[in-house]
Amino acid sequence: MEFVKGHSLWLMPNKSCRNKTDKIIRKLSMKYSTPVFESHVTFMPELKEPLDDIISKTSQLTSILKPFRVVFVGLGHLETYYQCLFAKVE
């Protein structure tokens, strides 16, 4: 399995959605003996820039970004460690 190096930016669900998705993640994690992780949508994967630059640009982005709806449209899987199973979104 391939490991991804670098940083990524995540979109985090609101509390109501997070409670539901985290419950599903914990249940499946226990069933299949896999690590538990926070529910999220990877917004920008594999950022290779210096961390200070990422933090600066992220700060600028968050000052203009407004909350928006993410719609789940299916499931997918890859051989990449962090993407062995994932939800597809619009």
Write down the atom of Ser8, the atom of Trp10, and the distance for their closest heavy-atom approach.
OG-NE1, 3.2 Å

So OG1 of Thr58 and CG of Asp53: to nearest 0.5 Å the spacing works out to 10.0 Å

Nearest 0.5 Å, what's the CZ-OG distance between Arg26 and Ser39?
9.0 Å

Got more than 12 heavy atoms from elsewhere within 6.0 Å of CD, Glu49?
yes

Cluster check Ile24, Leu75: I/L/V/M/F/W/Y, side chain < 4.5 angstrom
no

Pairwise distance NZ(Lys57) to CG(Leu61) - rounded to 0.5 angstrom:
11.5 Å

Is the number of heavy atoms from other residues, nucleotides or ligands within 6.0 Å of CE (Met12) greater than 12?
yes

Trace of the side-chain contact (heavy atoms from CB on, under 4.5 Å) decision for Asp22 with Ile25:
CA-CA 5 Å; Asp22 284 351; Ile25 291 168; 4.2 Å; yes

Are Leu11 and Met44 connected in a single hydrophobic cluster, I mean Ile/Leu/Val/Met/Phe/Trp/Tyr linked by side-chain heavy atoms less than 4.5 Å apart?
yes

Would you compute the distance between atom NZ of Lys48 and atom NE2 of His7 and round it to the nearest 0.5 angstrom?
10.0 Å

Indicate if Phe37 and Val70 have the same hydrophobic cluster label, given that clusters are the connected sets of ILVMFWY residues with side-chain heavy-atom separations under 4.5 angstrom.
no

Are Ile54 and Val41 grouped together when hydrophobic residues (ILVMFWY) are joined by side-chain heavy atoms under 4.5 angstrom apart?
yes

Quick one: does any side-chain atom of Ser63 pair with a main-chain N or O of Gln60 as donor and acceptor, under 3.5 Å?
yes

Do Val89 and Leu9 land in one hydrophobic cluster if side-chain heavy atoms of ILVMFWY residues count as linked below 4.5 Å?
yes

